[in-house]
Amino acid sequence: MTRKLADLITEKIAFQSVGLPLEQCEITDLQIDSRKIQSQHLYAALIGTQTDGHNFIEKAIESGSNAILCSQLPANILPNVCYIKTDQVEEFLGMLCREFYDGIINNLTIVGTTGTNGKTSVSTLLFDLFTKIGNKCGLISTVEYRIGNEVFPSTHTTPDIIGLHKLMAKMAQAGCIYCFMEVSSHAIHQKRIAGIPWAIGIFTNITHDHLDYHGTFENYIKAKKAFFDILPGTAVAITNKDDKNGLVMLQNTKAIRYTYAMKQAADFTVRVLEHDFTGMQLQMNKQELWTPLIGEFNAYNLCAVYAAAFVLTEGDENLATQISAVGTVNGRFQVLRGPKKITAIVDYAHTPDALENVIKTINQIRNNSVNLITVVGCGGNRDQAKRPVMGKIAAANSNKAIFTSDNPRNESPETIIEQMQEGVEPQFYKRTLKITDRKEAIKTACMLAQAGDVILVAGKGHETYQEIQGVKHPFDDKIAIQEAFNLIS
């Protein structure tokens with residue numbers, strides 16, 4: 001595909017052009033990685049957390065780039081290269097990406113969900129719901145990318161700006177009507193979502209996470225809020241009113257505003273009427289529905305789904321029935337049945353709030369004669385401040401807590417476990433075990449479990465690997481649990 005660069009500039013973003021005139025410059029693709037440059041590619045020099053793309057402008061030109069997008073012009077300006085200088089490089093690139101594919105993503109109704117917890121569940125449930133009622137949909141999530149029935153491995157929660165536009169263009173070309181996607185705080189802060197024509201933005205909640213990247217909780221909040229700040233007046237913003245920062249998200253948005261809640265009046269409300277390990281009976285805006293999902297946090301997720309679906313379908317009266325038909329989400333409070341009526345639950349909970357919510361849900365359902373054994377770890381090369389907090393939560397709220405390896409990455413798993421142990425209150429020391437090998441930790445939990453007990457394996461959820469010293473080793477919590485069950489059956 002060859003496009004005239006001048007034809008792709010459709011928004012009033014301030015810029016300066018030097019070298020080859022815009023009108024004479026034709027490009028065949030866009031790149032942010034200089035190693036992928038071929039003849040007539042535009043190279044966007046982005047300033048990242050690790051590298052500055054401006055350092056690779058010369059290399060990009062040597063590889064065939066005839067157009068450079070940058071915030072600082074190089075010293076040597078070549079007459080056969082078009083240089084575009086702007087203070088809004090990401091926004092300009094987002095515009096170019098959208099127009100390069102003839103604005104085809106304008107045909108998609110794009111729904112983005114952001115928050116610390118619940119992004120995957122809300123996005124996946126919306127995808128499943130709208131697929132079941134007869135629409136071809138796209139999904140961009142931590143677990144996977146989907147275009148209708150086609151499944152692609154997920155590389156990031158939110159792809160890079162060019163990859164995101166390419167993926168959405170493929171969805172539109174394949175006939176998708178909707179795209180449901182997770183929007184990470186990293187992607188918002190790095191402006192990877194620039195140029196996307198949002199229809200709905202959803203906020204789930206915000207708790208302790210990613211402070212290794214954002215530095216402070218205030219910065220983390222600002223990053224989430226920035227998503228709602230860029231929503232156009234034609235879009236809809238849906239926020240969790242029960243979260244203390246829920247209404248903060250709406251402060252500067254131009255979008256039409258809706259709220260959802262469990263504990264107070266809102267546009268959309270939910271109540272848990274009954275629940276056990278098979279599911280919940282909910283009341284959603286006076287309509288009752290049953291779901292195989294479990295826990296208050298999932299009631300909130302479903303309320304967000306209901307609110308978005310209500311907006312998208314203009315109040316379809318069959319929504320409650322349709323949502324009842326939507327199943328569970330891979331690695332999110334996924335229940336496995338074992339011998340001796342032992343119940344194992346696999347959940348992605350990798351933040352203090354998520355872990356506390358999952359354990360709270362289990363404790364609300366189980367009776368005093370049933371023990372809870374929690375197997376949990378923390379990821380390496382990530383926010384260390386949450387490790388003692390998660391250790392404290394697991395030990396205080398379980399009958400037995402086994403601290404183990406998660407994805408240690410380049411850190412020592414033993415050091416991570418020790419940091420978790422530091423948060424345990426003295427009266428709960430005897431409840432804890434430290435078993436570095438995750439498979440052995442899961443096996444031990446299953447061996448310790450008595451008839452009717454509950455085992456929670458938290459932290460990895462849907463993941464099918466363990467990352468150790470830069471290498472991803474095959475590992476699936478669900479398979480490890482099943483193998484352990486086979487030993488005790």
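No experiment lies behind these values; they were computed from the predicted model shown.
Counting only distance, with no hydrogens or angles, the side chain of Lys166 and the backbone of Cys97 share no donor-acceptor pair below 3.5 Å. At distances below 3.5 Å, at least one donor-acceptor pair connects side-chain atoms of Asp453 with backbone N or O atoms of Gln450. Side chain of Arg409 to main chain of Gly380: a donor-acceptor pair is present (N/O by atom type, distance under 3.5 Å, no hydrogens or angles). Judged by distance alone, with hydrogens and angles left aside, the side-chain atoms of Asp347 form a donor-acceptor pair with the main-chain N or O of Phe333 at under 3.5 Å. Remark: the backbone N or O of Gly138 is not paired with any side-chain donor or acceptor of Arg146 at under 3.5 angstrom. Not one N or O on the side chain of Glu440 forms a donor-acceptor pair closer than 3.5 Å with the backbone of Ile435. With hydrogens and angles ignored, the 3.5 Å screen pairs a side-chain donor or acceptor of Thr404 with a backbone N or O of Thr436. The main-chain N or O of Gly163 is found under 3.5 Å from a side-chain atom of Asp160 such that the two form a donor-acceptor pair. In this structure, the side chain of Ser154 engages the main chain of Thr142 through a donor-acceptor pair within 3.5 Å. Between the side chain of Lys136 and the main chain of Ala174, a donor-acceptor pair closer than 3.5 Å is present.
A donor-acceptor pair shorter than 3.5 Å cannot be found between the side chains of His186 and Arg192. Side chain to side chain, Tyr43 and Ser63 fail the donor-acceptor criterion of an N or O pair below 3.5 Å. A donor atom on one side chain and an acceptor atom on the other are not found under 3.5 Å apart for Thr116 and Asp353. A donor-acceptor pair shorter than 3.5 Å can be found between the side chains of Thr432 and Gln421. Side-chain contact check for Asp242 and Gln264: at least one donor-acceptor pair (N or O, by modelled atom type) lies under 3.5 Å. Between Arg431 and Ser398, the side chains place no donor N or O within less than 3.5 Å of an acceptor N or O (distance only, hydrogens not considered). Checked by atom type, the side-chain pair Thr361/Glu296 shows no donor-acceptor distance below 3.5 Å. Counting only N and O atoms by type, the side chains of Thr216 and Glu218 include no donor and acceptor under 3.5 Å apart. No donor-acceptor contact under 3.5 angstrom links the side chains of Thr113 and Lys119, judged on distance only.
Between Ala349 and Met390 the shortest heavy-atom distance is O-CE, 4.3 Å. Ile140 and Cys179 make their closest contact through CD1-SG, 4.0 Å (heavy atoms, listed as atom of the first residue, atom of the second, distance). Across Gly112 and Val183, no two heavy atoms sit closer than the pair CA-CG2, 3.8 Å. When every heavy atom of Met262 is checked against every heavy atom of Ala299, the shortest pair comes out as CE-CB, 3.6 Å. Scanning both residues, Asn410 and Gly470, for their nearest heavy atoms gives OD1-N, 3.7 Å. The shortest heavy-atom contact between Lys386 and His350 is NZ-O, 3.0 Å.
More than 12 non-hydrogen atoms from other residues, nucleotides or ligands lie less than 6.0 angstrom from NZ of Lys340. Counting non-hydrogen atoms of other residues, nucleotides and ligands closer than 6.0 Å to CG of Asn55 gives a total above 12. Counted within 6.0 Å of CZ on Arg35, heavy atoms from surrounding residues, nucleotides or ligands total 12 or fewer; the atom is thus considered open. Residue Lys443 places its NZ atom among 12 or fewer non-hydrogen atoms of other residues, nucleotides or ligands, all under 6.0 Å distant. Shown here is Asn149, whose CG atom has no more than 12 heavy atoms of other residues, nucleotides or ligands within 6.0 Å. Within 6.0 Å of atom NZ in Lys170, 12 or fewer heavy atoms from other residues, nucleotides or ligands are found, so the atom counts as exposed in its surroundings. No more than 12 heavy atoms of other residues, nucleotides or ligands shown are found within 6.0 angstrom of NZ on Lys392. Few gaps surround CZ on Phe485; more than 12 heavy atoms of other groups in view lie less than 6.0 Å from it.
Taken from CD in Glu418 to CZ in Phe403, the straight-line distance is 10.5 Å, to the nearest 0.5 Å. Expressed to the nearest 0.5 Å, how far CG of Leu433 lies from CD1 of Ile373 amounts to 9.5 Å. Considering CD of Gln384 and OG1 of Thr415, their distance stands at 9.0 Å, rounded to 0.5 Å. From Ile32, atom CD1 reaches atom CD of Glu90 across 10.0 Å, with rounding to the nearest 0.5 Å.
In this structure the side chain of Ser71 reaches within 4.5 angstrom of the side chain of His54, judged on heavy atoms. Within the 4.5 Å cutoff, side-chain heavy atoms of Leu69 are placed close to those of Phe92. Side-chain contact between Tyr260 and Val270 is absent, with no heavy atoms from C-beta onward closer than 4.5 Å.
Between Phe127 and Phe180, the ring center distance fails the sub-6.0 Å criterion.
With Asn407 as the partner, the side-chain hydrogen bond (donor to acceptor under 3.5 Å, both in side chains) test is satisfied by one option alone out of His473, Lys472, Glu463, Gln466: Glu463.
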